[in-house]
2 protein chains.
Amino acid sequence: MKSKITLKDIAKELDVSISTVSKALKNSKEISKDTKDKIKAFAKFYNYRPNNIALSLKNKRTKNIGVIIPDIVHHFFTTVFRGIEKYANEQGYNVIVCVSDESFEKEVVNMEMLANGSIDGFILSLSAETQLKNEFSHLKELLDQGIPIVLFDRVTSEIDCDKVILNDQEIAHEAVSHFINTGARKIALVTTEKFFNVSESRAKGYLQALRKNDIKVDEKLILTLPHDNDNATLIRNFFQNNKVDAVLCVNEIFGIQCLSIIQDLGYKVPNDISVIGFTDGILSRFSVPKLSTVAQHGEKMGEQAAQMLINRMESLGEEEPFKTEVINATLIKRGSTIN
Amino acid sequence: MKSKITLKDIAKELDVSISTVSKALKNSKEISKDTKDKIKAFAKFYNYRPNNIALSLKNKRTKNIGVIIPDIVHHFFTTVFRGIEKYANEQGYNVIVCVSDESFEKEVVNMEMLANGSIDGFILSLSAETQLKNEFSHLKELLDQGIPIVLFDRVTSEIDCDKVILNDQEIAHEAVSHFINTGARKIALVTTEKFFNVSESRAKGYLQALRKNDIKVDEKLILTLPHDNDNATLIRNFFQNNKVDAVLCVNEIFGIQCLSIIQDLGYKVPNDISVIGFTDGILSRFSVPKLSTVAQHGEKMGEQAAQMLINRMESLGEEEPFKTEVINATLIKRGSTIN
DNA sequence: TTGTAAGCGTTATCAT
DNA sequence: ATGATAACGCTTACAA
């Protein structure tokens, strides 16, 4: 077992000082060619690599980014993460991930854990509980300490920092307009509790599109579901009790569930009822018919967030105003809509 | 902007030495109650937290685990990751993830990047390319340097280290036996190129089960597909040209594709053809009929891997022999099989 | 051209 | 009961 070699080891071995070694390896012109060559050869032979921790301590920057997401087993977050990881790695940063599991407590604990020197900045999407409680002092404190934060997707206006969001309202509007343009009038919305600000925005777009087209909003056509799954009965009842031409679902699972239950009830998709979901995940691509859906371009969102964070970290001092970047979603028309 | 406070700051402020502060905060009995109280109160007020980087440098351990996975947008890896993250966090470890993207090069680069002090140990699943090249010197070197590694799922016998695997062969055997017990005789296998050792093991189980039941192996019933998707045509041809009673697929996507194409060709599932896939993901649960599948218990696998790694890191010196733990997969019988 | 020393934040050993 | 000092591995201003 040959342990990692340090500058000290090299110095001792070659009978020079540590700083000479350090300088030589950085190709400093202070050092004679001879010594440099000798030191470099030795270092190469023993595969010397500077210790990241020592560098971090010295430079007061870790080149690590902390990412806090509510759930990793979730296609959207997973694609965002991939975008973050990709961009960050390209820029020489590593990514430390913590999963908040939709819990406020975990979000706070994880962030504090990482904030004590482990990372240079955060990228996060708020947990459900954090949004519900509307409690953001942990973020405020970190920002106060000078740790930059980029919020994505599930953001809040209470916090002044860089953000990346989707044009949720607009795309929901577009989806509903598409329903209307293809003849639908009784348009349903299947959504989550409203403290999720993305659902709220999507609902706004839905309502806006109806109003703009002089379609009266029917509250009964808005189905609010408690969780991500096990809502089969509620959905079934909903479609049994309401005449619907089209339905917009705020996530992929709701979309797939509606698709399957609707067909099970004997309706034809898209002829009797059209369906559009959110998140262009694997479910949408392999359903029958394929689900029309809103692509959120998570990877792009992740890259954007990472870019904003790294920019801010590296331009420290210049104090640019905070920005909110909007990623434009795309409506992907597949078999579950009339196109 | 109130930056993080250090021991030095406290010492200066309270006019004591740094070591007194350090000891007081550790509740050392060397320090008088008075001073301790004063220091603790001050530290609490200013929300003092020791700097992780300094601790890492001092202790020569980072409490970070490096995780290298081939692909994050993949249900199985995602569940394993969740298991790792969960266990690691409970033990006070953070998780740094890098995605190898199935590339040998990236796997190597990422590992070297992290190995220079950023992490205390690795958990990884080999990239496709690494398996194809059969090149493991990067792992050997790290092990040589005393950095512990736990391999999971995609492992290799070339490397001597802790491993966590699935009983792939056994469960494939069980799946095929289930087909046989419910009357199938012409049993197909849809698999990937054989340098994936998991596919190889699953194929072995498939063959073994056939032989054990005196069913002649028909090479034509083994379909080898190049990638994870876009194989629709190959699959369609396969089922058009071969009379099949049942099909075992080595992953979820193949399973879902078969399910949908089979039905599209006019066969009834499971009455004409039964289907079993691998990975109990979201696709299997929302397909029509629901896909019978092999649950790989990724989360458990991740926890197991994290546990083995942390054990080894914390028992340094005791040199226990390397272990290979086997996670028992479960056959989940749903609508795509006769049960 | 090379070396010394201070410093990053902490802990531990050894004075006082 | 408290403090000085060295050490972890590295960089860098300053001496020599």
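The sequence lines fix the lettering, A, B, ..., with proteins before strands; numbering per chain opens at 1.
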Q | K26(A) or V16(B), whichever maps to the more 5' nucleotide of DNA chain D | A |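 Mapping each residue to its closest nucleotide by heavy atoms, the 5'-most match is V16(B).
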Are any of [X]'s side-chain N or O atoms less than 4.0 Å away from OP1 or OP2 of [N]?
X      : N       : answer
S17(B) : dT2(D)  : no
K8(A)  : dC8(D)  : yes
Y48(A) : dC10(D) : yes
T35(A) : dT2(C)  : yes

Q. Under a 4.0 Å N-O cut-off, is there an ion pair linking R312(A) with D162(A)?
A.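 Salt bridge present between R312(A) and D162(A).
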Q) Between K38(A) and D34(A), is there a salt bridge with N-O shorter than 4.0 Å? A)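 Here D34(A) does not pair with K38(A) in a salt bridge, since their nearest N and O are not under 4.0 Å apart.
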Whole-Å distance between [N] [atom2] and [X] [atom1]?
X      : N       : atom1 : atom2 : answer
I31(A) : dT12(D) : CD1   : P     : 13 Å
K12(A) : dG9(D)  : NZ    : P     : 11 Å
R49(B) : dT10(C) : CZ    : P     : 12 Å
I53(A) : dT11(C) : CD1   : C1'   : 16 Å
I18(B) : dG3(D)  : CD1   : P     : 11 Å
L25(B) : dG9(C)  : CG    : C1'   : 13 Å
D34(B) : dT2(D)  : CG    : C1'   : 14 Å
D9(B)  : dG9(C)  : CG    : P     : 8 Å

Side chain of [X]: nearest nucleotide among [options]?
X      : options                 : answer
T20(B) : dG9(C), dC10(D), dG3(D) : dG3(D)
S19(A) : dT2(C), dC10(D), dA5(C) : dA5(C)
E30(B) : dG3(D), dT11(C), dG9(C) : dG3(D)
L57(A) : dG9(C), dT10(C), dT2(C) : dG9(C)
L7(A)  : dC10(D), dG3(D), dG9(D) : dC10(D)
K60(B) : dT2(D), dC8(D), dG9(C)  : dC8(D)

Between the base of [N] and the side chain of [X], is one N or O donor paired with an acceptor at under 3.5 angstrom?
X      : N       : result
S22(B) : dT11(C) : no
K23(A) : dG3(C)  : yes
K58(B) : dT10(C) : no

Q. Using a cut-off of 4.0 Å on non-hydrogen atoms, how would the nucleic acid contact of K29(B) be classed: base, sugar-phosphate, or nothing?
A.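 Since only primed, P, OP1 and OP2 atoms lie under 4.0 Å of K29(B), the category is sugar-phosphate.
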Q. Are Y46(A) and F42(A) close enough that their ring centres sit under 6.0 Å apart?
A.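 Yes; F42(A) has its ring centre under 6.0 Å from that of Y46(A).
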Q) Sub-3.5 Å donor-acceptor pair from the side chain of S127(B) to the main-chain atoms of P70(B), do we have one? A)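 Checking the backbone N and O of P70(B) against the side chain of S127(B), no donor-acceptor pair under 3.5 Å is found.
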(Q) Is it the case that the side chain of K300(B) and the backbone of G83(B) share a donor-acceptor pair, with hydrogens and angles ignored and the cut-off at 3.5 Å? (A)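 Checking the backbone N and O of G83(B) against the side chain of K300(B), no donor-acceptor pair under 3.5 Å is found.
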Q: Decide if atom NZ of K323(B) counts as having more than 12 heavy atoms of other residues, nucleotides or ligands within a radius under 6.0 Å.
A: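 Incorrect, the count does not exceed 12.
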